[in-house]
Amino acid sequence: MAETTKFLIIGGGLEGLAIAWSLADRGETDVLVLERSTLCSGMTGKSSGVVRCHYGTPSLAAMSWYGVDVFTRATEIFGDDMAFRPCGYVVGVGENNVAPLEANVAMQRDLGIAVDFIAHDKMAELWPGMNLDDFAAFAYEPLSGRGEAYITGMAFAASARKLGVKIRQGARVASLLQGSGGWVHGAVLANGDEVHADHVILATGPWAPELAAGVGVDIPVKAQRAQLVLIHQGEPTPEVPVLSDLAGLQYLCREPNGELLVGNSDHAAPEYIDPDNYVNRADEKAIEKNIGKLEHRLPSMPDPRITSSYVGAYDVTPDYNPIIGPSPVAGLFLATGFSGHGFKISPAVGTLVADLLLEGSTQLPNVDPDDFRYSRFAENDPLISLHPYEGAGEMR
Ligand SMILES: Cc1cc2nc3c(=O)[nH]c(=O)nc-3n(C[C@H](O)[C@H](O)[C@H](O)COP(=O)(O)OP(=O)(O)OC[C@H]3O[C@@H](n4cnc5c(N)ncnc54)[C@H](O)[C@@H]3O)c2cc1C
């Protein structure tokens with residue numbers, strides 16, 4: 001006999017687990033999560049964990065702000081601090097991008113987000129030794145910072161389990177079950193077992209298109225290669241805020257051990273990969289480019305060396321914003337295409353999906369669920385930044 005559940009969540013990454021927890025927290029404990037491998041072993045395990053509210057789309061900025069609040073109060077909510085470090089976040093821009101910076105900060109303030117402009121001398125205090133010559137302006141979010149996506153995902157999982165959610169690992173879904181009229185009412189596992197469900201939630205990151213295609217839903221998500229490099233400066237990096245360097249198109253985060261995580265913010269020539277088959281280290285070209293930019297930004301590193309590198313895949317949509325909402329076939333709900341934003345907004349994603357499934361609307365402040373609808377691509381109505389940055393692409 002097939003197993004039955006009210007809510008079947010496919011994918012045990014950060015988003016699937018946040019949704020499971022939010023449903024259970026609302027009293028909906030008949031929830032089953034199926035994960036083909038182990039929890040958070042997909043792109044969640046590759047996340048840089050940056051928490052910023054600096055977005056040009058109000059809904060995303062508001063969802064990040066909601067995330068800051070949940071991460072800050074994690075011990076109170078989950079009994080676990082989720083390893084969030086409110087080290088602050090700075091975005092620095094060149095002369096060409098001062099106007100969008102000002103417009104984005106004004107929008108953030110309208111949403112109640114804590115953000116200030118800071119001058120060069122304050123930035124020099126926050127990040128000693130940094131070359132600030134090609135920056136024209138900075139915005140600083142004192143309450144944002146850096147989290148740990150794996151720890152956060154596992155905290156959602158532990159809390160969901162305590163409330164009664166069932167989680168299966170090593171449980172690969174081979175296909176979705178579709179009844180008459182196209183209704184999706186469950187899934188078939190690779191071992192042939194069937195699970196029947198009232199609601200199927202697809203939260204499989206860059207792997208979402210394949211399962212959806214089986215029921216005639218075309219998900220416009222591609223796996224975009226992200227190359228990350230870890231640097232030891234020769235001495236431990238002191239406590240510094242996360243930096244989005246929009247002049248150099250890179251981002252820098254201090255690791256808890258004092259190394260620096262260096263990521264690329266230049267998405268002008270994206271490369272796509274097979275998320276099941278890629279080389280898990282940065283290539284020479286990326287490393288050279290990263291090092292060149294880093295040496296410009298931090299000219300006094302005493303004895304810099306690369307300690308490691310790795311590669312992840314952003315599950316990008318055509319407008320670099322997520323798809324959250326019902327699919328065109330009844331019974332199937334989509335939560336995918338997080339396009340590099342999925343860590344900071346994960347608490348809001350859980351709440352939003354639970355709201356939409358249980359009530360059909362959301363109480364999340366300043367979040368319009370319509371922004372994330374699947375149909376926006378076919379309608380040629382993409383979700384794009386109101387104040388885009390020159391050269392920085394759409395991941396803002
Ligand atoms: C390199 C990198 C850096 C990032 N940095 C940041 C950042 O600084 N800040 C930020 O906010 N966001 C960041 N992100 C984005 C964020 O980390 C992701 O959006 C988020 O972790 C994705 O979670 P997910 O649950 O959607 O996907 P995943 O974590 O990929 O989870 C999907 C799960 O589905 C499972 N699965 C796939 N197919 C099946 C199947 N058939 N059956 C069962 N299970 C299946 C997979 O095994 C996987 O565990 C980054 C992402 C990457 C790749």
Side-chain angles (χ1 to χ4, degrees), residues 8-20 32-55 60 63-64 67-68 71 89 144-150 152-153 156-157 167-176 187-190 195 200-212 214 221 223-229 242 244 251-253 261 263-265 273 275-276 278 280 282 309-317 320-324 334-350 353 395:
L8 171 62
I9 298 173
I10 307 175
L14 193 46
E15 310 306 336
L17 295 168
I19 295 165
L32 172 65
V33 179
L34 297 177
E35 164 54 47
R36 67 175 189 168
S37 179
T38 50
L39 296 181
C40 301
S41 58
M43 294 312 155
T44 295
K46 300 288 180 85
S47 184
S48 303
V50 172
V51 177
R52 61 164 161 118
C53 303
H54 198 87
Y55 277 105
L60 268 194
M63 288 169 84
S64 304
V68 169
F71 295 140
Y89 166 85
S144 298
R146 187 90 197 281
E148 297 280 350
Y150 177 83
T152 305
F156 279 128
I167 296 178
R168 307 259 160 75
Q169 305 187 73
R172 188 172 76 79
V173 170
S175 62
L176 301 177
V188 186
L189 275 73
V195 178
V200 177
I201 298 134
L202 192 61
T204 47
W207 294 275
E210 199 182 322
L211 281 176
V221 162
Q224 181 178 322
R225 182 156 84 138
Q227 308 190 65
L228 287 306
V229 181
V242 173
S244 282
Y251 66 87
L252 310 180
C253 319
L261 177 69
N264 171 43
S265 304
I273 55 175
D276 285 316
Y278 61 90
N280 193 19
S309 75
Y310 56 92
V311 162
Y314 297 122
D315 50 341
V316 299
T317 64
Y320 281 88
N321 278 309
I323 302 170
I324 307 168
L334 306 173
T336 182
F338 286 92
S339 305
H341 318 311
F343 173 66
K344 59 187 82 65
I345 64 169
S346 59
V349 171
V353 173
M395 223 184 252

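First listed ligand is number 1; within each ligand, the first listed atom is number 1. Computed over heavy atoms, backbone and side chain alike; hydrogens, waters and symmetry mates excluded.
- Checked against side chain to side chain donor-acceptor pair (under 3.5 Å), Asn280 has the following partners two or more places apart in sequence or in another chain: Lys46.
- Only the backbone of Ala171 comes within 4.0 Å of ligand 1, counting heavy atoms alone; no side-chain atom from C-beta on gets that close.
- Here the shortest heavy-atom distance to atom 32 (C) of ligand 1, taken over Ala208, Ser37, Ala203, belongs to Ala203.
- Atom numbering of ligand 1 starts at 1 in the shown order; those under 4.0 Å from a heavy atom of Lys344 are 9 (N), 10 (C), 11 (O).
- Contact annotation for Leu34 and ligand 1: only backbone heavy atoms (N, CA, C, O) come within less than 4.0 Å of the ligand.
- Heavy atoms of His341 found under 4.0 angstrom from ligand 1 belong exclusively to the backbone.
- Of the listed options Tyr150, Trp207, Phe343, Phe343 places a heavy atom closest to atom 16 (C) of ligand 1.
- Applying the side-chain contact (heavy atoms from CB on, under 4.5 Å) test between Arg168 and each of Leu32, Val195, Leu189 identifies Leu32 as the sole match.
- The closest side-chain heavy-atom distance from Ile19 to Ile201 is below 4.5 Å.
- The proximity of Leu211 to ligand 1, defined as any non-hydrogen pair under 4.0 Å, is limited to the side chain.
- Phe71 and Phe343 have parallel rings, their planes meeting at less than 30° on a 0 to 90° scale where 60° marks the start of perpendicular.
- Between Arg172 and ligand 1, a contact under 3.5 Å exists for no N or O pair.
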